[in-house]
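Note that the coordinates shown come from a computational prediction; the quantities given were computed from them, not determined experimentally.
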Number of protein chains: 2
Amino acid sequence: MKKEVTTLKKIAQILEISISTVSRALNNHPDISHETSKKVKDLARKLHYMPNMFAKGFRQHKTNIIGVIVPNILSYFISTILKEILLQAEVNGYRVIISETNNDVKKEKEMLHTMLQFGVDGILMSLSKNTVNVDPILHALNQKPLILFDKVSNKIPCTQVIIDGEEATFNAIEHLINIGKKRIAIIKEFEQSYNSERRFQGYLRALKTNNIPIDKKLIVSTHDISLKKGRSLTSQLISLKEKPDAIFCITDAAAIGAIQTLKKFNIKIPEDIAVIGFSNSLNSTIVEPKLTTLDQPGKRIGEIAMNCLVTEIEEPKEHLTIKTIEIKTNLIIRESTLLSI
Amino acid sequence: MKKEVTTLKKIAQILEISISTVSRALNNHPDISHETSKKVKDLARKLHYMPNMFAKGFRQHKTNIIGVIVPNILSYFISTILKEILLQAEVNGYRVIISETNNDVKKEKEMLHTMLQFGVDGILMSLSKNTVNVDPILHALNQKPLILFDKVSNKIPCTQVIIDGEEATFNAIEHLINIGKKRIAIIKEFEQSYNSERRFQGYLRALKTNNIPIDKKLIVSTHDISLKKGRSLTSQLISLKEKPDAIFCITDAAAIGAIQTLKKFNIKIPEDIAVIGFSNSLNSTIVEPKLTTLDQPGKRIGEIAMNCLVTEIEEPKEHLTIKTIEIKTNLIIRESTLLSI
DNA sequence: CTGAAAGCGCTTACAG
DNA sequence: CTGAAAGCGCTTACAG
């Protein structure tokens with residue numbers, strides 16, 4: 001079934017010239033006469049010649065493959081980033097190998113290893129939730145260009161591309177304050193989550209800037225932020241003696257859970273309690289009331305990360321240094337905070 | 001910056017044995033003495049030896065890379081399939097290169113070409129919406145195992161893995177009939193969509209089986225099925241003199257659009273008009289009322305497609321024949337058809 | 001049980 | 001302008 005493949009050798013034999021000449025002709029080497037070059041190219045086309053990338057990569061120590069490692073491909077935000085990475089890769093002539101860790105640190109390490117072994121030219125990576133020991137990553141970084149995005153770590157001296165979650169949250173909280181909210185709760189993850197912590201810092205700064213006292217009862221954390229947890233933590237918040245008048249959730253999923261619970265208890269949104277999420281996911285326009293949320297421009301992240309990687313592949317850096325690129329983002333105001341004051 | 005890499009040669013030199021022996025020791029060749037083998041393996045570990053997969057693949061004409069081509073990675077259904085493909089690939093020792101066509105036929109052809117050139121061992125593919133000329137695919141199929149999933153074509157003699165959309169839709173329509181609906185509308189795509197047509201056949205069969213006359217006014221088609229189109233086509237349907245009492249949409253997105261429009265016009269769901277979608281997407285549980293929908297087991301599709309591909313890679317088939325694997329699926333009944341009769 | 005050698009398909013410094 | 005030859009890192013048939 002499998003067809004015989006055309007090689008340089010075959011073309012050379014038919015044309016009765018050397019393999020070197022064929023190779024050069026096909027690579028537009030200036031030395032080759034126009035005549036020869038044309039002859040070779042015509043025949044190559046006719047025979048559907050396809051260079052064997054393996055031989056080529058092997059020879060040139062460049063594979064034009066980049067590896068991408070992400071925790072979970074099902075996340076819409078991650079998909080958006082991947083989509084842009086694929087596009088940019090194509091534009092720059094790279095193929096993309098994707099691996100998913102499912103937040104398993106052991107797998108993460110293995111995948112990093114496999115990718116290096118495969119000779120990828122560089123790696124784009126979003127850390128798993130539980131990555132504590134960064135040694136495997138440092139080891140990889142020593143061998144090939146590596147760039148982190150979204151889930152990053154300041155223990156790794158490389159380029160890192162993230163959303164400016166601190167400022168974004170700051171703006172979201174100020175928006176709540178502007179519509180008259182004073183008891184603003186936050187549903188976040190535990191401390192080990194870098195993104196959650198940045199957002200929490202924004203929350204704290206906004207309260208401080210506006211002279212609103214911090215009430216620890218309004219700060220609730222969970223290990224795995226999700227729609228369900230959004231529901232249960234909201235139940236917890238509304239059973240407080242002094243209820244919150246707004247809830248900021250560090251993900252849309254949790255915010256949707258919050259909305260569902262508030263509706264169940266007939267609490268008016270946003271009059272009694274306003275809600276803000278983070279992601280601008282598809283769902284945020286499907287829930288009722290429509291969710292105010294922070295945009296998460298995955299496209300920008302993917303674009304910048306990929307372009308940085310291409311640059312580092314082509315011009316390897318001498319010294320490893322941490323360089324964080326923070327992308328500004330916008331608050332998208334919808335019904336869940338739309339108060340006619 | 002880049003570290004010196006360990007090769008067989010280096011290990012051989014240090015141990016003062018031949019490269020062949022090192023290679024055999026590492027590959028557990030039975031000939032090698034236990035002692036030598038241990039010595040080699042220990043040193044290899046110590047030096048972090050990683051076989052150069054390019055040299056290996058090049059030598060063995062096997063890359064352990066498979067290519068996946070899909071129209072759009074942002075679709076939740078596609079992501080689910082990809083997730084399972086990645087998992088199965090890992091289990092079977094394959095790496096996965098993913099490309100996205102965005103329904104561009106020209107790109108589809110290029111990607112197919114690039115993948116072959118890259119020496120993938122096999123290809124998993126979901127056709128773009130506009131694929132008419134299947135020659136490039138037939139050409140690829142002649143060179144490497146290729147399996148289609150979800151978006152398939154009966155013009156291509158290969159294994160194809162799909163949802164049984166005909167039966168699924170048949171069941172959905174019978175469910176509507178069982179709750180007393182008689183004027184059942186369908187929102188579908190135009191004829192060139194294979195999946196849409198299969199679902200439409202199920203619709204027709206269900207009506208026929210239950211002696212319900214077909215009313216052409218209740219059959220509406222669009223080129224690009226979407227939430228927006230769900231809205232506008234629903235407006236169209238409810239402006240009919242004889243309104244439908246149920247709407248079946250071939251995607252969840254369109255069904256959500258339908259629900260939004262019905263609510264806007266204060267039409268009761270499901271009492272006045274019931275709605276069913278297709279996908280069991282995340283959104284289907286977020287809309288209110290929650291959407292009755294057909295599950296689309298992406299996991300099963302990914303699993304079966306990948307396993308078929310691995311089989312074909314390991315035991316190439318002699319003759320190319322079409323073989324369609326249809327996966328049964330379930331109706332998930334939620335509020336949008338939950339009538340207390 | 002081990003080694004020398006050929007070869008996978010390609011590129012490129014060297015020679016002419 | 002063109003060719004012969006080496007070499008990328010590995011595997012394996014052949015010989016001992």
Open item on the list: If you define the side chain from C-beta out and look only at heavy atoms, does anything of B:Thr6 sit under 4.5 Å from B:Met50?
Closed with: no
Task: Spacing of A:Asp31 atom CG relative to C:dA15 atom P, expressed in whole Å - done: 16 Å
TODO: State, without any angle test, whether A:Lys109 and A:Asn133 hold a side-chain donor-acceptor pair at a distance under 3.5 Å.
DONE: no
- [ ] Could you check how far CG of A:Asn27 sits from C1' of D:dT2, rounded to whole Å?
- [x] 16 Å
TODO: Determine which nucleotide pairs with C:dA15, using a 3.5 Å limit on both distances of a Watson-Crick or G-U wobble pair.
DONE: D:dT2
Open item on the list: Please classify the nucleic acid contact of B:Ser33 as base, sugar-phosphate, or nothing, using heavy-atom distances under 4.0 Å.
Closed with: sugar-phosphate
Open item on the list: Measuring only the P atom in each nucleotide, how far is D:dA5 from D:dC1? A whole number of Å is fine.
Closed with: 24 Å
Open item on the list: Hydrogens and angles aside, do A:Asn195 and A:Asp150 bring a side-chain donor and acceptor to less than 3.5 Å of each other?
Closed with: yes
Task: Spacing of B:Ile17 atom CD1 relative to C:dT2 atom P, expressed in whole Å - done: 8 Å
Task: Shortest non-hydrogen contact from A:Ala305 toward A:Phe149 - done: CB-CB, 4.5 Å
TODO: Write down the distance between CD (B:Glu16) and P (C:dG3), rounded to a whole number of angstrom.
DONE: 11 Å
- [ ] Take atom CG of A:Asn64 and atom P of C:dC10, then tell me their distance rounded to the nearest Å.
- [x] 16 Å
Task: Note, B:Ile32 side chain near B:Val40 side chain (heavy atom, < 4.5 Å) - done: no
Open item on the list: Please report the distance separating the P of C:dA6 from the corresponding atom of C:dT2, rounded so that it comes out in whole Å.
Closed with: 23 Å
Task: Donor on one side chain, acceptor on other, B:Lys41 and B:Asn28, under 3.5 Å - done: yes
TODO: Round to the nearest Å and state the distance from B:His29 atom NE2 to D:dT12 atom P.
DONE: 9 Å
Task: Nucleic acid footprint by protein, nucleotides 4-9 of chain C - heavy-atom cut-off 4.0 Å, B for base, S for sugar-phosphate alone - done: BB-BBB
